[in-house]
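Each chain gets a letter, A, B and so on, in the order its sequence line appears, and its residues count up from 1. All heavy atoms count here, side chains included; hydrogens, waters and symmetry mates do not.
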There are 2 protein chains.
Amino acid sequence: MTVVQMVNQETVPAALCVAEDETHPRPDGRDQYTISEVAAFTGMSAHTLRWYERIGLMPHVDRSNTGQRRFSNRDLDWLAFVGKLRLTGMPVADMVTYAELVKAGERTEPQRKALLEATRMDVVQRIAELQDTLTVLDYKIGTYAGAERAPERTGA
Amino acid sequence: MTVVQMVNQETVPAALCVAEDETHPRPDGRDQYTISEVAAFTGMSAHTLRWYERIGLMPHVDRSNTGQRRFSNRDLDWLAFVGKLRLTGMPVADMVTYAELVKAGERTEPQRKALLEATRMDVVQRIAELQDTLTVLDYKIGTYAGAERAPERTGA
DNA sequence: TAAGACCTTGGAGTGCACTCCAGGCAAGTG
DNA sequence: CACTTGCCTGGAGTGCACTCCAAGGTCTTA
């Protein structure tokens, strides 16, 4: 292992940075990351990163003179945002749409805003749903209350 | 259409009833529902209902003398609960495990409780995740603020 | 300079949760 | 009694989001 342990893999770091234009350098001064470094940073697999690029979810990644990917801080910021979108449950196809809008320039900002607002509403609804399931879960867990080891028929 | 409109399909009714043993009759006095009636009640498709039975997620559905399924109020209650579990994001395989525990009798209550508690923790974590994405979404939407129609470069 | 870890590609495979199909039986209606 | 509608079955197909493979080129460390 040469590189992988530079950041712990299980905890996705993903500060709630958001980008497209503002790039704030990472720990070391570099602005060039191999795919496995990015995998470690983002918690996504290298497979997934290549796949994201294939389907148009990454806006052009630089290459070394030998053809290997060299991700920039901008790319990292973008991926952090994509990671957040993924957590919302937004379909990958919609994320691609969003990426295309970004690439198309400033005039698509209303559409992007609309897309994010729609996503926001989905998230709010999903949270409500989940909170509703918590009610049921708690009720049900309550009916099992005290059943820690051998229940042995609580009533009668 | 013979039956379908007896309940509106889009809103899943699924009162937060929970069962296994307590069955409280539905609107009309009957306790026999065809698969399409149940599909209308639960919002699940008839396909899904048959599939749930195949994989062991339904605890034996009665049949008419000609072999057609006749769901009972108990079944409906169970399905309402299954629907809630599905909303939690619990994998179907785990729901089957839960169903098997129920079938195995009272002595499995500690395991059932543990399963639901684990699910509860997943739900709580997922809610936190989603709330975190809301923060990012709101920030991002904020940067697009006022971009209702033509943005025309807000700064400079 | 050689081993071993790393990177490349297109395309195939995986797991989940449905979803549909073909072929056939059954029940109600003009 | 034909016709339409609904139900049955096993098995195949779908869509999503990865995930892996084979075959080969590259980079680093001893």
Side-chain angles (χ1 to χ4, degrees), chain A residues 1-7 9 12 30 32-58 60-71 75 79 82-99 119 122, chain B residues 1-6 9 12 32-58 60-71 75 79 82-99 119 122:
Chain A
M1 57 174 106
T2 55
V3 136
V4 182
Q5 82 286 26
M6 68 188 295
V7 123
Q9 275 162 296
V12 182
R30 289 181 310 148
Q32 304 241 95
Y33 308 91
T34 66
I35 198 163
S36 66
E37 283 171 315
V38 176
F41 275 138
T42 61
M44 298 163 181
S45 77
H47 291 307
T48 299
L49 292 169
R50 291 194 198 96
W51 179 64
Y52 278 2
E53 192 180 346
R54 262 195 255 182
I55 64 175
L57 194 44
M58 279 300 303
H60 250 120
V61 178
D62 276 2
R63 298 295 179 123
S64 72
N65 57 349
T66 56
Q68 295 195 356
R69 286 173 186 81
R70 293 292 176 257
F71 291 79
D75 295 332
L79 283 170
V82 164
K84 289 292 178 189
L85 287 186
R86 184 176 54 168
L87 283 178
T88 66
M90 181 190 265
V92 168
D94 289 2
M95 293 194 247
V96 171
T97 300
Y98 186 87
T119 301
D122 290 347
Chain B
M1 58 176 104
T2 54
V3 135
V4 182
Q5 82 286 25
M6 68 189 293
Q9 275 164 295
V12 183
Q32 303 242 95
Y33 307 92
T34 67
I35 198 163
S36 67
E37 283 171 315
V38 175
F41 276 139
T42 61
M44 299 163 180
S45 76
H47 291 307
T48 299
L49 292 169
R50 291 194 199 97
W51 180 64
Y52 278 2
E53 193 180 345
R54 261 196 255 183
I55 64 175
L57 194 45
M58 280 298 304
H60 250 120
V61 178
D62 276 3
R63 299 294 180 122
S64 72
N65 57 346
T66 57
Q68 297 195 356
R69 287 173 185 80
R70 292 292 176 257
F71 291 79
D75 295 331
L79 282 169
V82 164
K84 289 294 179 189
L85 288 186
R86 184 176 55 168
L87 283 177
T88 66
M90 181 190 264
V92 169
D94 289 2
M95 294 194 246
V96 171
T97 299
Y98 186 87
T119 302
D122 290 348

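- Listed nucleotides: D:dC7, C:dT8, C:dC18. Nearest to the side chain of B:Tyr52: C:dC18.
- Remark: A:Thr34 is in phosphate contact with C:dC7, judged by side-chain N or O atoms under 4.0 Å from OP1 or OP2.
- Following rounding to the nearest Å, B:Leu49 (CG) and C:dC18 (P) show an atom-to-atom distance of 11 Å.
- As a whole-Å value, the separation of A:Ile35 CD1 from D:dT26 P is 17 Å.
- Side-chain contact between B:Val38 and B:Asp75 is absent, with no heavy atoms from C-beta onward closer than 4.5 Å.
- Between the OH atom of A:Tyr33 and the P atom of D:dC27 there is a distance of 20 Å, rounded to whole Å.
- Taking side-chain N and O atoms only, A:Arg69 has no distance below 4.0 Å to OP1 or OP2 of C:dC7.
- In this structure, CD of B:Glu53 is placed 14 Å from P of D:dC7, rounded to the nearest angstrom.
- When distances are taken from the side chain of A:Ser36 to each of C:dC6, D:dC18, C:dT19, the shortest belongs to C:dC6.
- Mapping A:His47 and A:Ser64 onto DNA chain D by nearest heavy atom places A:His47 at the nucleotide closer to the 5' end.
- Between the CG atom of A:Asp94 and the C1' atom of D:dG15 there is a distance of 14 Å, given to the nearest Å.
- Side-chain proximity of A:Thr66 to the nucleotides D:dT26, D:dC8, C:dT8 is greatest for D:dT26.
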Just do the side chain to side chain contact (heavy atoms under 4.5 Å, CB included) check on B:Val92 and B:Trp51 with the steps written out, would you? CA-CA 11 Å; B:Val92 169; B:Trp51 180 64; 4.2 Å; yes

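- Listed candidates were D:dC7, C:dA17, D:dA17. Nearest to the side chain of B:Val92 is C:dA17.
- For C:dG11, its base sits under 3.5 Å from the side chain of A:Arg54 at one donor and acceptor pair at least.
- Residue-level contact check: B:Arg86 touches the backbone only, with heavy atoms under 4.0 Å from sugar-phosphate atoms and none from bases.
- DNA chain C is contacted by both B:Gly89 and B:Gln68; B:Gly89 maps to the nucleotide lying nearer its 5′ end (nearest heavy atom per residue).
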Between A:Tyr52 and A:Leu79, does a side chain to side chain contact (heavy atoms under 4.5 Å, CB included) hold up when you go through it step by step? CA-CA 10 Å; A:Tyr52 278 2; A:Leu79 283 170; 4.3 Å; yes

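- What separates CD1 of A:Ile55 from P of C:dG11 is a distance of 17 Å, to the nearest Å.
- With a 4.5 Å cut-off on side-chain heavy atoms, B:Arg70 and B:Thr34 count as touching.
- When each of D:dC7, D:dT19, C:dT9 is scored by its nearest atom to the side-chain atoms of A:Trp51, the top-ranked nucleotide is D:dT19.
- Phosphate proximity of C:dC25 to B:Arg63: absent, as no side-chain N or O sits under 4.0 Å from OP1 or OP2.
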Given side chain to side chain contact (heavy atoms under 4.5 Å, CB included), test A:Arg69 with A:Arg63 step by step and report yes or no. CA-CA 4 Å; A:Arg69 286 173 186 81; A:Arg63 298 295 179 123; 3.4 Å; yes

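- Whole-Å rounding puts the B:Met95 CE to C:dC16 P distance at 12 Å.
- At whole-Å resolution of the value, CZ in A:Arg50 and C1' in C:dC7 are 7 Å apart.
- Summary of the strand contacts: B:Asn65 and B:Ser45 both lie near DNA chain C, and taking for each the nucleotide with the nearest heavy atom, the more 5' one is attributed to B:Ser45.
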After noting the C-alpha distance and the side-chain angles of A:Tyr98 and A:Asp94, does the key distance pass the side chain to side chain contact (heavy atoms under 4.5 Å, CB included) rule? CA-CA 6 Å; A:Tyr98 186 87; A:Asp94 289 2; over 6 Å; no

